[in-house]
Engineer: 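Quick one: the structure is below, questions incoming.
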There are 2 protein chains.
Amino acid sequence: MRTLKYAILGLINRESMTGYDLMKVFNMELVNFWYAKHSQIYPELKKLTDEKLITYEILPEDEKLRKKIYSITEKGRQEFHNWILQQDLLEPTPKDIFRLKAYFIESLSNAKILNHFHYQLTQRQEKLEKLQNNMQILLDSKDISKIQSPEYGDYIVLKSAIKREKSYIEWLNECIEEVTTNTRIFVDERRP
Amino acid sequence: MRTLKYAILGLINRESMTGYDLMKVFNMELVNFWYAKHSQIYPELKKLTDEKLITYEILPEDEKLRKKIYSITEKGRQEFHNWILQQDLLEPTPKDIFRLKAYFIESLSNAKILNHFHYQLTQRQEKLEKLQNNMQILLDSKDISKIQSPEYGDYIVLKSAIKREKSYIEWLNECIEEVTTNTRIFVDERRP
DNA sequence: AAAGTCATGTAAAGCGTTACATGATTAT
DNA sequence: ATAATCATGTAACGCTTTACATGACTTT
């Protein structure tokens with residue numbers, strides 16, 4: 001599939017940048033739907049250069065801090081465009097260890113279950129707050145009214161990440177409520 | 001992380017089964033949060049047998065159809081239990097090619113954007129219907145009222161998969177509406 | 001008879017993470 | 001001076017997919 005290839009082409013198409021810049025974008029803005037470590041980015045940049053999809057110039061010249069600024073080529077732009085135009089079938093659903101553990105919930109006591117769900121809930125709520133904070137910053141600093149602008153892309157994917165967390169939190173709360181109720185009934189039943 | 005290891009241990013802990021059975025569970029019930037191809041399952045079963053976490057007996061004996069029925073060992077049960085008790089930090093968010101393409105939305109015309117979103121929406125709606133159908137079957141055929149039962153695990157993860165699809169669909173609909181509105185305004189603006 | 005499912009495996013390649021490795025620049 | 005950040009790369013390992021491979025049983 002080579003998705004990393006197209007992710008890099010797309011970012012360099014937006015704006016010429018270094019491998020280090022790419023790394024920051026992957027691990028900040030894009031982290032909610034795509035990411036890569038620098039150890040994957042640098043070899044991919046080399047590969048894309050070999051394939052003549054991108055080129056680079058070293059700046060500042062002669063000096064010691066060798067910084068490679070990558071730009072997209074016409075060939076690269078075309079391949080990126082073909083990729084984004086192509087309509088894909090649904091991907092397999094993402095793997096989720098917490099859900100896997102939830103599937104095996106019968107192996108735990110109600111107290112342990114509640115522990116697990118509360119721990120996950122706290123983490124998810126913290127994440128949601130961060131995302132909502134990012135959204136506030138985006139709305140305050142950028143104009144997202146034009147659909148044909150990079151800012152609109154930033155906006156809609158951030159919106160989807162927020163929805164995703166809210167949905168997860170809703171599920172966790174419902175599970176906690178059900179298990180709590182069951183626990184209470186169970187306790188009541190033991191009373192004569 | 002060896003999550004496949006624990007997924008297999010968990011399933012064999014529920015009930016002794018063959019590699020083929022595991023494959024079917026992974027690609028049917030568990031497919032919404034964990035899965036594996038048979039080419040990954042068989043080597044893992046071999047590894048788990050070497051580690052003495054599972055054992056197998058061949059049935060029917062002497063006959064040609066060699067069928068290995070795997071059972072969990074006490075050691076396997078312990079390792080599984082340790083795994084499920086352990087509280088994990090949030091995993092990195094799952095990768096999503098459609099969201100990645102959405103991030104690069106500026107590269108497409110409004111008509112193409114709507115095309116993409118509608119195509120995705122149709123697929124997600126079909127998937128949601130399948131999940132809701134599965135839920136109906138589950139509720140009709142099993143008693144999910146006992147938390148300490150495998151059926152309850154089936155139920156809560158199916159519920160989360162349904163929520164996930166609904167949330168995705170909601171997002172797609174909002175995007176479609178925004179882009180449609182924008183398109184209309186754009187068209188209106190071009191009228192004198 | 002043919003097609004589909006049951007049943008089990010291996011090999012090669014691709015993707016991704018962790019660890020190893022180096023050195024310059026900037027902020028405290 | 002020291003720590004943090006900028007900047008670039010490689011090596012080893014682990015996980016996952018695709019393709020190769022075989023054969024029995026069951027349904028049409």
Side-chain angles (χ1 to χ4, degrees), chain A residues 1-8 12 16-28 30-31 33-51 54 56-70 88-89 91-97 100, chain B residues 1-9 12 16-28 30-31 33-51 54 56-70 88-97 100:
Chain A
M1 294 262 291
R2 299 209 46 200
T3 309
L4 179 62
K5 162 182 166 175
Y6 298 105
I8 290 176
I12 295 180
S16 293
M17 58 177 90
T18 68
Y20 195 81
D21 293 333
L22 283 167
M23 188 197 77
K24 280 190 292 180
V25 178
F26 276 122
N27 300 310
M28 306 284 276
L30 264 66
V31 80
F33 46 93
W34 208 267
Y35 47 84
K37 316 259 165 169
H38 76 276
S39 57
Q40 209 186 349
I41 294 168
Y42 289 115
E44 189 63 37
L45 284 170
K46 203 181 177 183
K47 205 173 172 184
L48 295 177
T49 307
D50 292 345
E51 293 173 306
I54 54 175
Y56 64 88
E57 57 173 335
I58 295 165
L59 279 180
E61 285 157 48
D62 50 84
E63 274 173 64
K64 283 173 192 173
L65 183 56
R66 58 267 146 89
K67 198 170 162 176
K68 291 182 183 174
I69 297 166
Y70 288 91
D88 307 314
L89 290 175
E91 291 174 77
T93 38
K95 292 181 177 181
D96 185 330
I97 297 176
L100 179 62
Chain B
M1 294 260 291
R2 301 211 41 203
T3 309
L4 180 60
K5 163 182 167 174
Y6 297 105
I8 290 175
L9 286 179
I12 296 180
S16 293
M17 58 177 93
T18 67
Y20 196 81
D21 293 333
L22 283 167
M23 187 196 78
K24 279 190 292 181
V25 179
F26 276 123
N27 300 310
M28 306 284 277
L30 265 67
V31 78
F33 45 94
W34 206 268
Y35 47 85
K37 316 260 164 167
H38 76 275
S39 58
Q40 209 186 347
I41 294 168
Y42 290 115
E44 189 64 38
L45 284 170
K46 202 180 176 183
K47 205 172 173 185
L48 295 178
T49 307
D50 291 346
E51 292 173 307
I54 55 177
Y56 65 87
E57 57 173 335
I58 295 166
L59 279 181
E61 286 158 46
D62 51 85
E63 275 172 64
K64 282 173 191 171
L65 185 57
R66 59 268 147 92
K67 201 167 157 177
K68 290 183 184 174
I69 297 167
Y70 289 91
D88 308 313
L89 290 174
L90 235 48
E91 293 174 79
T93 40
K95 292 182 176 181
D96 184 331
I97 297 176
L100 179 61

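Below, read A as the first sequence line, B as the second, and so on, with proteins coming before strands; counting in each chain starts at 1.
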Engineer: Taking for each residue the nucleotide of DNA chain C bearing the nearest heavy atom, is the 5' side occupied by M1(A) or by D21(B)?
Structural biologist: D21(B)
Engineer: Indicate every side-chain donor-acceptor pair of residues 43-51 of chain A with a distance under 3.5 Å to a residue at least two apart or in another chain.
Structural biologist:
residue : atom : partner : partner atom : Å
E44(A)  : OE2  : R2(A)   : NH2          : 2.7
T49(A)  : OG1  : L45(A)  : O            : 2.6
E51(A)  : OE1  : R2(A)   : NH2          : 3.3
E51(A)  : OE2  : R2(A)   : NH1          : 3.0

Engineer: When the axes are fitted on five pairs at both termini, how much does the helix from dA1(C)-dT28(D) to dT28(C)-dA1(D) curve, in 10° steps?
Structural biologist: 40°
Engineer: Select one nucleotide: of dA7(C), dT8(D), dT10(D), the one nearest the side-chain heavy atoms of K46(A).
Structural biologist: dT10(D)
Engineer: Can you sort out the partners of S39(B) under side-chain contact (heavy atoms from CB on, under 4.5 Å), two or more places apart, ordered by chain and number?
Structural biologist: K37(B)
Engineer: Among dC6(D), dT8(C), dC15(C), find the nucleotide with the atom closest to the side chain of R2(A).
Structural biologist: dC15(C)
Engineer: OP1 or OP2 of dG9(D) sitting under 4.0 Å from any side-chain N/O of K68(A)?
Structural biologist: yes
Engineer: Quick check on side-chain contact (heavy atoms from CB on, under 4.5 Å): which of L59(A), I54(A), I58(A) does Y56(A) satisfy it with?
Structural biologist: I58(A)
Engineer: Please state how far atom CD1 in I69(A) lies from atom C1' in dT8(D), giving the value in whole angstrom units.
Structural biologist: 14 Å
Engineer: Could you pull out every donor-acceptor pair under 3.5 Å between side chains of residues 18-27 of chain B and any protein atom, sequence neighbours left out?
Structural biologist:
residue : atom : partner : partner atom : Å
T18(B)  : OG1  : Y20(B)  : N            : 3.3
T18(B)  : OG1  : D21(B)  : N            : 3.0
T18(B)  : OG1  : D21(B)  : OD2          : 3.1
D21(B)  : OD2  : T18(B)  : N            : 3.1
N27(B)  : ND2  : M23(B)  : O            : 2.9

Engineer: Using 0.5 Å steps for rounding, measure from the OH atom of Y70(A) to the CD1 atom of I8(A).
Structural biologist: 9.5 Å
Engineer: By side-chain contact (heavy atoms from CB on, under 4.5 Å), which residues pair with M1(A), not counting sequence neighbours?
Structural biologist: T3(A), I97(B)
Engineer: Starting at CG of D96(B), measure out to CH2 of W34(A) and round the result to the nearest 0.5 Å.
Structural biologist: 8.5 Å
Engineer: Would you tabulate the nitrogen or oxygen pairs shorter than 3.5 Å linking the protein to nucleotides 17-24 of chain C?
Structural biologist:
residue : atom : partner : partner atom : Å
dT18(C) : OP2  : K37(A)  : NZ           : 3.2
dT18(C) : O4   : S39(A)  : OG           : 2.7

Engineer: Toward the 5' end of DNA chain D, which comes first, W34(B) or P43(A), by nearest nucleotide?
Structural biologist: P43(A)
